Amino acid sequence: MMAVSAANSALGGLPRRLVDDGIIDEQVLLDAAEVAKKQRTPLVAYLVANTLADARSIAVAASNEFGVPLLDMEAFESDIDIIKLVDEKLLTKHRVLPLYKRGKRLFLAVSDPTNLFAIDEIRFQTGLSVDTVVVQEDMLAEHVSRALEAMDTSLGGLDEDNFDLDNLEVSSGEDDHKDDDISRADVDDAPVVRFVNKVLLDAIKRGASDVHFEPYEKSFRVRTRLDGVLTEIALPPVALSQKVAARLKVMARLDIAERRVPQDGRIKMKLSKNRSIDFRVSTCPTLFGEKIVLRILDPSSAQLGIDALGYEPFQKDLYMKDLNKPYGMILVTGPTGSGKTVSLYTGLNILNTEFRNISTAEDPAEINLPGINQVNVNPKVGLTFASALKAFLRQDPDVIMVGEIRDIETAEIAIKAAQTGHLVLSTLHTNDAPKTLTRLVDMGVKPYAIASTVSLIIAQRLARRLCNNCKESKDIPEEALRKEGFQDEDIKAGLTIYGPVGCKQCNGGYKGRVGIYQVMPVTETLGRIIMEGGNAIQIADQAFKEGVWDLRRSGLEKVKQGMTGLEEINRVTID
């Protein structure tokens with residue numbers, strides 16, 4: 001009784017009103033407040049993002065408690081000139097939006113009127129007195145995002161008319177002090193420069209993940225990967241292939257004279273004073289010239305939060321449980337482009353506090369995350385995953401992330417790190433979670449070491465998400481649904497299957513992607529199977545008995561929820 005009273009006395013202002021109105025349970029709120037503080041996230045934003053409380057109910061409670069007007073943002077048209085009165089960093093930091101100005105008074109949309117620190121900062125920065133208006137957190141977040149796009153701090157407002165395609169600022173993105181006097185006369189042709197810059201800008205604008213420049217004997221093709229599927233976007237003259245390759249290599253500070261061996265580099269394209277985009281560049285000699293692939297690196301993907309990735313609630317709980325362990329190993333597996341890096345960095349972002357020392361070794365680092373010590377491995381100079389790991393262990397680490405376990409030396413050092421009180425995160429290229437354990441054995445890792453250190457394995461795929469604007473229900477016979485793997489109880493409950501149509505707002509009926517996961521804790525029983533020399537089939541059978549969903553089951557769940565179509569799940573998973 002005393003504990004409850006003490007906890008209740010800690011509540012004040014809006015949190016107390018939310019509890020008194022029955023909007024959220026008191027203990028849930030206290031726990032949420034603690035986590036939000038650690039993550040440096042506004043409490044209301046955390047509650048809404050994690051569906052712990054309804055955004056409208058919070059807004060109504062705040063308006064009633066503090067006598068602040070309540071505004072429906074759907075009926076409001078933002079004024080970009082008014083928004084620009086407040087520094088972009090403050091808009092992002094405090095999740096607020098200037099609405100209008102009357103003389104020396106600035107009216108500010110907030111979801112929590114008790115955030116006096118935000119109000120004081122904005123009053124100091126603008127020199128205006130600030131009056132608050134309460135709005136729903138979810139609507140506020142959407143309007144702030146739109147405002148930032150309009151102010152050219154995100155990718156949404158890209159238009160080639162706003163850029164000088166001849167003189168777009170690019171660099172290698174590396175502080176390697178290479179000779180800047182590389183001969184550029186032959187490759188800085190205005191038409192080639194414009195073409196390359198336009199292709200890259202279009203790819204960014206459309207949300208592509210990769211750009212492919214492919215030379216053939218009688219043609220030259222440019223494709224982009226959008227939502228996991230390659231699409232041809234241009235067929236320039238074949239005579240341009242060498243000039244385009246040379247231009248891209250100059251942008252990435254690669255050796256333009258060397259065409260016999262693969263090269264890797266990086267390009268940084270500056271879009272504005274506040275926004276730049278990184279590309280990872282890979283060249284490969286083919287029969288008719290160099291094929292060049294650019295991976296578009298999006299740092300914002302790590303900031304999505306775990307709830308946006310598509311984990312089922314019980315899968316998310318398993319991941320969070322193991323992230324909070326002080327030691328052990330979490331492995332994420334899947335093919336290239338399946339979202340492994342985003343899953344790992346989402347976990348690192350949760351762990352990224354002032355109390356932890358986090359180091360990563362990657363090839364290369366795709367996402368820049370302040371507060372984390374990131375190392376690009378460079379085998380040419382002897383900086384391998386194994387040598388980076390050895391260095392980390394002398395740097396007083398708490399959390400270590402290895403981009404990929406490729407060999408026995410890296411695997412053994414990572415295992416030792418997990419055994420000696422460190423949390424280790426890494427990736428492997430296998431098809432599912434059970435095969436990951438047998439793959440480690442095949443590499444030469446001792447079965448007892450695997451059983452005692454690997455705590456969680458996540459296998460994943462990315463499926464295209466159906467466009468909510470145009471998706472339509474499909475009539476599929478019950479027998480066909482059973483063959484696909486749906487249970488009788490699902491079919492009898494009135495299962496609705498949706499399929500793609502296509503509209504102006506999407507790409508052939510799909511818009512964005514959603515993760516499909518197999519999250520397998522390594523239990524004592526599974527560990528015993530590993531030590532007894534069990535194979536992947538035995539491990540999979542035991543995991544099924546323990547309630548682990550395979551990728552197919554997780555994919556069908558996304559179909560049941562209307563997130564994606566059956567054709568898409570058949571494309572990315574095996575029946």
Side-chain angles (χ1 to χ4, degrees), residues 155 158 160 163 165 168-174 176 178 182 184 187-189 191-216 219-236 240-256 258-259 261-271 275-286 288-302 335-342 362-368 376 403 462 507 513:
L155 303 182
L158 290 181
E160 66 183 82
F163 295 94
L165 291 177
L168 200 58
E169 186 179 338
V170 296
S171 66
S172 68
E174 302 283 351
D176 50 12
K178 286 186 179 178
I182 298 173
R184 303 166 69 109
V187 295
D188 280 2
D189 241 7
V192 173
V193 171
R194 285 183 60 83
F195 172 72
V196 170
N197 288 345
K198 185 179 187 306
V199 168
L200 299 189
L201 281 172
D202 284 348
I204 296 168
K205 185 177 180 180
R206 296 180 65 197
S209 61
D210 303 86
V211 186
H212 293 238
F213 296 86
E214 301 169 309
Y216 299 100
S219 64
F220 179 38
R221 178 172 67 175
V222 181
R223 294 188 291 175
T224 59
R225 189 177 293 278
L226 184 62
D227 293 337
V229 177
L230 279 169
T231 306
E232 187 179 282
I233 61 166
L235 283 170
L240 281 183
S241 64
Q242 285 194 16
K243 290 186 177 181
V244 169
R247 171 61 187 164
L248 289 166
K249 288 166 73 174
V250 165
M251 292 167 71
R253 293 293 191 271
L254 300 178
D255 184 353
I256 62 173
E258 179 55 79
R259 301 173 186 168
V261 296
Q263 297 185 65
D264 293 300
R266 202 175 181 106
I267 295 172
K268 182 182 287 289
M269 178 178 283
K270 192 170 179 60
L271 303 177
R275 187 66 172 175
S276 61
I277 295 294
D278 286 347
F279 299 84
R280 190 179 72 194
V281 183
S282 172
T283 76
C284 184
T286 67
F288 303 105
E290 290 178 286
K291 173 174 178 174
I292 299 183
V293 177
L294 278 64
R295 166 67 56 89
I296 301 173
L297 307 178
D298 183 7
S300 64
S301 57
T336 301
S338 60
K340 300 189 297 294
T341 301
V342 172
E362 301 165 81
D363 185 20
E366 295 188 10
I367 297 171
N368 180 23
N376 278 337
L462 288 178
N507 181 36
R513 290 191 286 179

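Small disclaimer: the values here were computed from a predicted structure and weren't measured. Because only heavy atoms are used, hydrogens play no part in the values below, and waters and symmetry mates are left out as well, while side chains stay in.
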Only counting residues at least two apart or in another chain, list the ones meeting salt bridge (charged side-chain N to carboxylate O under 4.0 Å, His left out) with [X].
X      : result
Glu362 : none
Glu232 : none
Asp210 : Arg295

How long is the straight-line distance from [atom2] of [Y] back to [atom1] of [X], given to the nearest 0.5 Å?
X      : Y      : atom1 : atom2 : result
Arg280 : Leu297 : CZ    : CG    : 6.5 Å
Ile292 : Lys249 : CD1   : NZ    : 6.5 Å
Ile256 : Arg247 : CD1   : CZ    : 11.0 Å
Ile296 : Leu200 : CD1   : CG    : 7.5 Å
Ser241 : Lys291 : OG    : NZ    : 14.0 Å
Asp264 : Thr283 : CG    : OG1   : 7.0 Å

Using the test side chain to side chain donor-acceptor pair (under 3.5 Å), find all partners of Lys340 that sit at least two apart in sequence or belong to another chain.
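In terms of side chain to side chain donor-acceptor pair (under 3.5 Å), with neighbours along the sequence ignored, Lys340 is linked to no residue.
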
Results of side chain to side chain donor-acceptor pair (under 3.5 Å) for Arg225 - residues two or more places apart only
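So Arg225 forms no side chain to side chain donor-acceptor pair (under 3.5 Å) with any residue.
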
[X] versus [Y], closest heavy-atom pair with distance:
X      : Y      : result
Phe195 : Pro236 : CZ-CG, 3.7 Å
Gly289 : Pro215 : C-CG, 3.7 Å
Asn376 : Ala365 : OD1-N, 2.6 Å
Val211 : Ala203 : CG2-CB, 3.6 Å
Phe279 : Met269 : CE1-CB, 4.0 Å
Pro335 : Ser338 : O-OG, 2.7 Å

Decide yes or no for [X] and [Y]: does some side-chain heavy atom of the first lie under 4.5 Å from some side-chain heavy atom of the second?
X      : Y      : result
Thr286 : Tyr216 : no
Met251 : Val196 : yes
Arg206 : Ile233 : yes

Is there a donor-acceptor contact under 3.5 Å from the side chain of Gln263 to the main chain of Asp255?
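Checked: pair present.
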
Please list, chain by chain and in numerical order, all residues satisfying side chain to side chain contact (heavy atoms under 4.5 Å, CB included) with Leu462, sequence neighbours excluded.
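Partners of Leu462 by the side chain to side chain contact (heavy atoms under 4.5 Å, CB included) criterion, ordered by chain and then number, come out as Arg513.
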
